[in-house]
Amino acid sequence: MHREVFALLYNDNKELPPLLPTDTGKAYKQTKAKLGMRKVRKWVWAPFTNPARKDNAVFHHWKRVSDESKEYPFAQFNKLVSIPSYSESEYNQYLKSEDWSQAETDHLMDLCQRFDLRFIVIHDRWDRAAFRDRSVEDLKERYYGICATLSKVKTNPWSNSVTMVNGEKRTYHYDAEHERKRKEQLRRLFDRTQEQIDEEQMLLTELKKIEARKRERERKTQDLQKLISRADSGSTPLVQATNNEGSATPANVAANIARRHDRKIHKKKLTSQQRPIRAVETVTVEWSGIKFPEARGTGVWLRSQRMKLPPGVGQRKTKAIEQELRLMNIDVAPMPTEAICKGFNELRSDLALVLDLKNALDSCEYELQALRHQYEALNPGKTLTIPSSICSTHTDNEAKPAVGEIIDVVGSPSALNATI
Amino acid sequence: MSGPNGMLYGGDEIGALVFDPGHHSLRVGYAQEDTPKADIPAVIGVGPATHIPEPEEKVPDGNITQSGSKAGNELRHYIDVTELHVPRPHMEIQSYMKDGQVDNWDLFERMLDYCYSKVIRSPSEHHPALFTEAVWTTRPAREKLAELLFEKYQAPAFFLVKSAVLAAFANGKSTALVVDAGASQTSAVPVVDGYALVSAAARSPLGGDHLAMQAKHMLANMHIQMLPIYSIQSKEVIRERERGRYTLKTLPAGLTHSWQQYMLKRQYEDFCHCIAQISESPYDERTAASVPGVHYEFPGGYHQDFGPERFKLTECLFEQTLGAAHLVCAAAGACDADARPALWGSVVACGGLANTGGWVERLAKELAARAPSSHRLKSHAAPNAIERRFAAWIGGSILASIGSFQQMWISSQEYDEGGKGQLERKCP
């Protein structure tokens with residue numbers, strides 16, 4: 001036999017057999033297995049009475065001799081719902097109803113006791129031969145009405161309808177009308193056909209779509225306002241250059257950037273959706289470029305911490321800023337003296353703004369060209385001449401100029417041509 | 001009983017018996033056991049006492065209860081398969097059940113006698129008895145049963161529970177919509193908090209017997225003869241679809257029609273057991289043909305494969321207006337709207353017919369198509385065929401061995417004081 005096959009046979013015990021005899025205990029000497037510490041206790045087939053029974057019937061079961069004197073343990077589970085009771089005179093005095101006869105009320109109370117207030121079962125077992133058919137709500141209304149009335153006139157509070165709050169009795173009121181309405185609604189909900197359900201589903205998805213679109217539009221306008229106010233409150237003399245007709249186009253484009261950066265939705269869809277342009281009110285937002293947080297909590301901290309870009313700035317933006325810094329031959333991490341810190345942060349903030357605006361310009365350009373092509377495609381033979389005042393193709397040269405000039409460019413494209 | 005409070009898993013066994021009378025068989029056994037002690041066909045052979053003993057019948061007539069010992073009117077009652085399936089002249093087959101409840105009380109008494117003396121082998125006055133009943137059992141029938149148990153059998157205690165409730169208990173639920181596919185009928189009964197909703201119960205006569213009848217028709221149409229197995233002396237091995245070659249046994253004269261029909265019915269049932277299969281979707285010739293056939297050999301030796309017939313046969317069980325799915329919808333629809341979500345959430349299938357291959361799957365599929373989509377539908381069936389078939393008995397076994405149930409029995413003292421009128425109150 002191969003060794004491997006042999007190993008398969010005896011692999012249940014992975015260890016090798018011990019070399020020395022280890023059986024030092026008295027395992028073989030002990031004659032009787034010792035399973036527990038105590039002696040076995042005897043069981044007897046004995047009669048018992050159940051205190052939960054009213055008739056003292058005697059049944060037999062197995063029990064321990066030691067348990068002989070104990071009460072039947074399952075009797076403790078014999079819990080009963082307390083149902084109010086009334087005498088005939090009480091009924092006549094307080095509980096008379098036009099709708100309910102006393103016999104019917106008695107029947108209801110009897111069923112409540114028998115079925116522990118399970119009203120669905122009570123309704124099922126209702127004696128329809130003797131009394132007219134009633135809904136579950138009718139039964140509940142009558143029962144809780146009786147509870148409320150009796151708890152007012154009697155001292156004994158019924159546990160299920162009255163609670164004591166600050167020594168004062170509070171009665172639960174059963175609103176049968178509301179319950180009926182609820183049940184009717186429930187019934188209608190359950191009785192819907194498949195077509196109705198499908199239609200509802202369809203409408204719900206439509207609603208979701210509409211809401212998503214609405215949110216999108218709102219976000220767009222917000223982005224736009226942010227950008228405008230940034231440009232407005234910027235440290236550059238941009239404000240004078242902004243004219244009225246120009247405000248629509250950057251708005252459009254700014255939204256475009258935001259979308260392209262954040263969501264990457266298809267461009268086609270975007271351009272088609274952007275057509276309706278809202279008039280934008282100038283909202284002053286105290287924000288420009290990157291906002292560096294001032295307060296840094298308590299304790300000692302390094303000044304270089306101040307130059308750290310806040311987490312809100314995206315990775316791509318950070319990269320782009322660094323790239324710009326390198327082009328300007330500025331160290332990415334300069335010595336953080338007080339003045340450098342301030343200047344560096346301001347510079348980067350402006351750079352961020354510049355990049356945003358440059359992107360906006362790019363998109364503007366793109367859209368303009370696209371529109372031109374569209375126009376030419378629709379009107380063959382004609383060419384759309386774009387006035388040079390709004391056409392700019394010198395985007396590659398813009399990297400170098402000072403920050404202020406670039407911002408100027410976007411505000412009024414004619415200024416660009418003038419500066420270069 | 002043990003444990004710190006004397007309660008071991010909430011159970012307390014007091015030697016109770018559980019009886020589950022059905023149309024096909026009567027199940028009897030001790031509470032706290034997982035399967036009944038005996039499953040006895042629910043028919044009794046009644047024949048004259050002076051019969052000619054069969055040569056092979058050597059067993060002393062231990063299973064035969066003698067009655068009417070006066071000369072001239074002597075009748076013997078033959079109970080259980082070992083006695084019942086022997087060809088005897090002039091032995092008529094009679095059933096004591098009708099429409100889900102006991103109808104012939106004399107015969108039922110014989111059956112109970114047999115249970116106590118031959119199955120339990122212990123005097124009836126030692127054992128409380130729990131009976132199951134159909135939801136629609138009439139009040140006289142219930143009271144008659146209580147009377148019989150207390151007055152004739154001196155039972156120390158008695159209780160009656162609706163079988164649907166017990167089937168729900170057997171599946172570990174107190175609220176369920178129980179679909180019971182039995183021999184004589186299929187029913188759907190909503191159970192809420194352990195109480196069956198009587199007025200919402202729905203039933204149809206499509207049961208195992210109906211399936212056996214369908215099998216009979218089908219075989220007749222296919223010109224296949226179902227010979228009674230007791231009439232075959234010997235048979236030869238033949239090729240498939242070849243004409244059977246067999247020799248017939250010499251049978252005693254005067255075999256009754258009812259007995260022959262009963263024996264044939266057993267064979268059709270066997271046939272259904274072997275080949276009946278329910279397709280998951282309504283019958284379709286092509287999909288049915290793609291399933292491999294099942295081989296069946298008839299008593300005469302003839303044998304063949306059954307392919308699409310297997311599915312065609314069972315299609316009657318899922319008819320539009322009488323099928324189980326329709327019953328479930330009707331029963332759920334008749335319930336209060338507040339109870340419906342819970343009921344749809346636990347549809348429990350049980351009964352012998354539910355063991356037919358694919359029955360549970362088909363029901364689940366049909367329900368998914370019919371149930372209102374606002375409810376979460378969940379259908380449940382015991383994984384084991386025994387548990388499905390004996391669901392009501394097992395539920396009774398569980399119930400009768402629960403410690404807190406022991407206060408609910410109607411004791412003989414209570415019966416002596418209150419009479420049978422209290423049955424309606426005590427056994428809801």
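Throughout, a chain's letter reflects where its sequence line sits, starting with A, and its residues are numbered from 1. It should be emphasised that the depicted structure is a prediction, and the values quoted were computed from it without experimental measurement. Keep in mind that the numbers below use all heavy atoms, side chains included, and drop hydrogens, waters and symmetry copies.
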- Message: Between A/Ile197 and chain B, with a heavy-atom cut-off of 4.5 Å, which part of the residue counts as in contact: side chain, backbone, both or neither?
- Response: side chain
- Note on the structure: The interface call for B/Asp336 against chain A, heavy-atom contacts under 4.5 Å, is side chain
- Gap between atom NE2 of A/His123 and atom SG of B/Cys335 - 0.5 Å precision: 10.5 Å
- Please check if atom NZ in B/Lys152 has more than 12 non-hydrogen atoms from other residues, nucleotides or ligands closer than 6.0 Å. yes
- Which pair of heavy atoms, one from B/Gly11 and one from A/Phe74, lies closest together, and at what distance? O-CZ, 3.7 Å
- Message: Strictly distance-based, threshold 3.5 Å: is any side-chain N or O of A/Tyr72 a donor or acceptor partner for the main-chain N or O of B/Gln406?
- Response: no
- Note on the structure: Assert top hit (heavy-atom pairs under 4.5 Å, partner chain B, pool A/His60, A/Arg125, A/Arg128, A/Gln194) equals A/Arg125
- Message: What residues of residues 198-212 of chain A make heavy-atom contacts with chain B at a cutoff under 4.5 angstrom?
- Response: none
- Measure B/Pro128 against the heavy atoms of chain A and call it side chain, backbone, both or neither at under 4.5 Å. side chain
- Task: Identify which part of B/Ala334 has an atom lying under 4.5 Å from any heavy atom of chain A, answering side chain, backbone, both or neither.
- Result: neither
- So, are B/Glu414 and A/Arg53 salt-bridged, with charged N and O less than 4.0 Å apart? yes
- Query: Quick one: are B/Trp409 and A/Phe59 in side-chain contact, heavy atoms under 4.5 Å?
  - Reply: yes
- Under a 4.5 Å heavy-atom criterion, the part of residues 419-427 of chain B in contact with chain A comprises B/Glu424, B/Arg425
- Query: Considering only heavy atoms, which portion of A/Trp126 lies under 4.5 Å from any heavy atom of chain B: side chain, backbone, both, or neither?
  - Reply: neither
- Message: Looking at every non-hydrogen atom in both residues, tell me the closest pair between B/Ala337 and A/Lys183 and how far apart they are.
- Response: CB-CD, 3.7 Å
- Message: Do A/Phe48 and B/Ile14 make a side-chain contact, defined as non-hydrogen atoms from C-beta onward lying under 4.5 Å apart?
- Response: yes
- Query: Do you know the tightest heavy-atom contact between A/Trp45 and B/Gly15?
  - Reply: CH2-N, 4.0 Å
- Item | Contacting moiety of A/Asn56, where chain B heavy atoms sit under 4.5 Å | backbone
- Task: Report the residue from A/Arg187, A/Arg118, A/Arg182 that forms a salt bridge (charged side-chain N to carboxylate O under 4.0 Å, His left out) with B/Asp338.
- Result: A/Arg182
- Examine distances only and state if a side-chain atom of A/Asp124 and a backbone atom of B/Ser199 form a donor-acceptor pair shorter than 3.5 Å. yes
- Message: Check the orientation of A/Phe190 and B/His375. Use parallel for under 30°, tilted for 30 to 60°, and perpendicular for over 60°.
- Response: tilted
- Task: For B/Leu197 and A/Val121, work out which heavy atoms get closest and say how close.
- Result: CD2-CA, 4.0 Å
- Item | Residue, of B/Met408, B/Gln407, B/His126, that accumulates the most heavy atom pairs under 4.5 Å with chain A | B/Gln407
- Bottom line for A/Asn50: the part with an atom under 4.5 Å from chain B's heavy atoms is side chain
